[in-house]
Amino acid sequence: MQIDIALLELGAIMIALAAVGRVALKFGLPPVPFYLVTGLFFGNGGLVPVEEATSFIDVGSSLGVIFLLFMLGLEYTPSELRQSLNANRLSHVVDLVANALPGFVIGLILGWGALGATMLAGITYISSSGVVAKLLVDLGRLGNRETPGILSTLVVEDLVMAVFLPVVAVLLAGDSVITGVISGVIALVIVMVVIALPTRAGHRASKMIDTESGEILLISLLGIALVVAGVAEYFHVSYAIGAFLVGIILSGQVAERARTLLEPLRDSFSALFFVSFGLSVDPAVLLDVLPIAAILGVLGAITKFSSGYWAARHAGSTPRGARRAGATLIPRGEFSIVLAGIAIAGGVDPELGPITVAYVLLLAVGGSLAAKYMA
Amino acid sequence: MEIFETSLPGIGVRYEFDTEDDRRIGVLVHRDGHRDVLVYSADDVDSCSETLRLSSAESASLVELLGGTKITERLSDLRYAVQGLSIDWVSLNGNAPLVGKTIGDGKIRTMSGASVVAVLRSGDSYPGPGPEFALMENDTALVVGSVEGVALARKIIAG
């Protein structure tokens, strides 16, 4: 690696990200789709292909996923997860079936086999916790009656992923269905233990690593997150989920400080992750798959709006509140990209990459606009 | 009056109630301690017409202006019961000498005879903190003792 060229390339990418980020901010849109597009420019077949910095970007983007999921885990406490799981179970099932089915069917039609289709089902299912939570804050809707329902949908979707990812990760690694089932059961047990963990245990674990110095705390957190992620990956359980579970266990003061300490790291490395995913996509192929992505996008918007609307009505919202709930849940984002990355690394048809980029682009932007202007 | 409490995963806890004029108001306590005062819109009860963001210090001032908390009311009853008893809320800003130190470090009891009987921190309360309890920025300590003792304790805690 030629360090001078690598630095210049990284710098150019960051400046480009900063520029598109400002555009996104101006229109009140989430930056993720803009980061993806930036990646297209610097990638294979793009205008200015990156060469020297790629190895750093590869590692950096894994760190980005770890920080994203670690912070996501920090947002939730086990008791919040329990509450969300216990309330409105039926609407969570409706959400899963209605939104995973279109992806699964289209995956089969495209001839990707059951595993590829399952990955696409996960991609069409999961809403973006990051984009949706930000929308609720920005639009001043935290007080709204439909908001707890929206948040609990996000929580449950993230939890479903914590079980889903380890299973597909093992299957993608080419192991047999039986190993897949076993690792699924193990993942399920670990997730259940983490959720059932009494608040005191989380506090005790957090107290053990607590220290006055922010610097030392940050380094302790990084060490723990990376080791757990590494171990999880070694057992094919997906490093993302390892980091997510550590985040859930940490609580109280430590979690509060961890959020502040890790936020800048997450923001920089997750941007790198989205760019790196964009890098791997050839813009020419993106145009070819646009019709498929558009079909998926329209279906994804309709199914998410309907399941969100139904759940909110079911929970007692007025039609107006239910329309807001349906529209707000439409954006897909970081998790869909994470899934696509894992799928492609595991040998699913590489067309999944550009399709997912286009899908996230359409729904993150379109969904944000829908949330703002509907109702 | 019935107060509804809703947990918002990843954000905090929301409390709301209906006023006699049939308007709904609420308070959203964020994890980091800041509060949103929510005023629900009159024509669409599911949404807010006004969301007012307050820091923990600002919310404390607003509470004082509104006439004190229920705890304060109960404490003032206590004050009538014991002659000469003084009760005070001491807030710790960033420069307070006891930030990052334990209650024992301040030797509050030895020096002033007053005691810290509870600490409020980002919406949580810690009753009966021991000498090993470490105080943090933005904590509010409830101090009980004689009038002079409480004044001295305030000096030790908040400078």
Side-chain angles (χ1 to χ4, degrees), chain A residues 71-85 87 129-130 132-134 136-156 158-159 207 210 212-213 248 251-253 255-257 259-260 312 315-325 375, chain B residues 4-18 23-54 56 94 98-102 105 119 121-126 132-139:
Chain A
M71 289 278 287
L72 185 65
L74 282 175
E75 298 289 330
Y76 304 139
T77 63
S79 74
E80 287 174 344
L81 297 178
R82 282 196 294 273
Q83 275 175 19
S84 300
L85 273 179
S129 307
V132 174
K134 181 107 197 330
L136 290 172
V137 175
D138 291 351
L139 298 175
R141 291 193 184 154
L142 289 178
N144 289 18
R145 178 108 36 109
E146 73 275 7
T147 297
I150 295 176
L151 291 170
S152 87
T153 304
L154 297 177
V155 172
V156 172
D158 292 337
L159 270 181
K207 225 175 186 164
D210 200 4
E212 268 177 41
S213 150
I248 293 176
S251 64
Q253 240 173 280
E256 185 57 51
R257 284 173 70 202
R259 277 193 282 273
T260 330
S317 281
T318 57
R320 203 165 156 191
R323 278 201 300 277
R324 278 193 300 258
Chain B
F4 300 97
E5 179 184 333
T6 321
S7 128
L8 299 182
I11 291 166
V13 184
R14 189 174 86 193
Y15 303 90
E16 55 205 294
F17 64 89
D18 294 321
R23 288 295 299 272
R24 175 169 282 224
I25 61 171
V27 172
L28 174 52
V29 181
H30 287 257
R31 288 246 189 82
D32 62 8
H34 86 264
R35 266 95 165 139
D36 287 340
V37 175
L38 312 163
V39 180
Y40 285 82
S41 111
D43 56 334
D44 176 9
V45 288
D46 280 359
S47 74
C48 295
S49 54
E50 194 66 64
T51 305
L52 195 63
R53 190 192 153 101
L54 299 178
S56 8
L98 276 199
V99 166
K101 300 223 172 78
T102 66
D105 288 341
V119 174
R121 175 178 298 161
S122 10
D124 294 332
S125 56
Y126 300 86
E132 76 292 342
F133 188 94
L135 292 167
M136 290 169 55
E137 190 177 343
N138 294 331
D139 280 358

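Residue numbers start from 1 in every chain, and the chains themselves are labelled A, B, ... in the order their sequence lines are given, proteins ahead of strands.
- Applying the 6.0 Å contact sphere to CZ of A:Arg82 captures more than 12 heavy atoms from other residues, nucleotides or ligands.
- Between atom CD of residue A:Glu80 and atom CD1 of residue B:Ile11 there is a gap of 9.5 Å, rounded to the nearest 0.5 Å.
- Minimum heavy-atom separation, B:Gly10 to A:Tyr76: N-CD2, 4.2 Å.
- Expressed to the nearest 0.5 Å, how far CZ of A:Arg323 lies from CG of B:Asp46 amounts to 11.5 Å.
- When the shell of 6.0 Å around CD of B:Glu50 is examined, it contains 12 or fewer heavy atoms from other residues, nucleotides or ligands.
- Heavy atoms of A:Leu72 lying under 4.5 Å from chain B are absent altogether.
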Query raised in the report: After noting the C-alpha distance and the side-chain angles of B:Arg31 and A:Thr77, does the key distance pass the side-chain contact (heavy atoms from CB on, under 4.5 Å) rule?
Result: CA-CA 11 Å; B:Arg31 288 246 189 82; A:Thr77 63; 4.2 Å; yes
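- B:Ser47 touches chain A through backbone and side chain together, each having a heavy atom under 4.5 Å away.
- Taking every heavy atom of both residues into account, A:Leu142 and B:Leu8 meet most closely at O-CD1, 3.7 Å.
- Across all their heavy atoms, B:Leu38 and A:Gly143 have their closest contact at CD1-CA, 3.7 Å.
- Remark: B:Arg24 pairs with B:Glu16, B:Asp18 by the salt bridge (Lys or Arg N to Asp or Glu O under 4.0 Å) rule, at least two apart or across chains.
- With a 4.5 Å cut-off on non-hydrogen atoms, B:Leu28 touches chain A through its side chain but not through its backbone.
- Atom CD in A:Glu256 sits 8.5 Å away from atom CE in B:Met136 (nearest 0.5 Å).
- The candidate from A:Glu212, A:Glu146, A:Arg259 with the greatest count of non-hydrogen atom pairs under 4.5 Å with chain B is A:Arg259.
- Proximity to chain B (any heavy atom under 4.5 Å) is restricted, for A:Ser84, to the side chain, taken from C-beta onward.
- In this structure, A:Pro148 and B:Thr6 approach most closely via the heavy-atom pair CG-CG2, 3.5 Å.
- Contact of B:Arg14 with chain A is made through the side chain alone, with heavy-atom distances under 4.5 Å.
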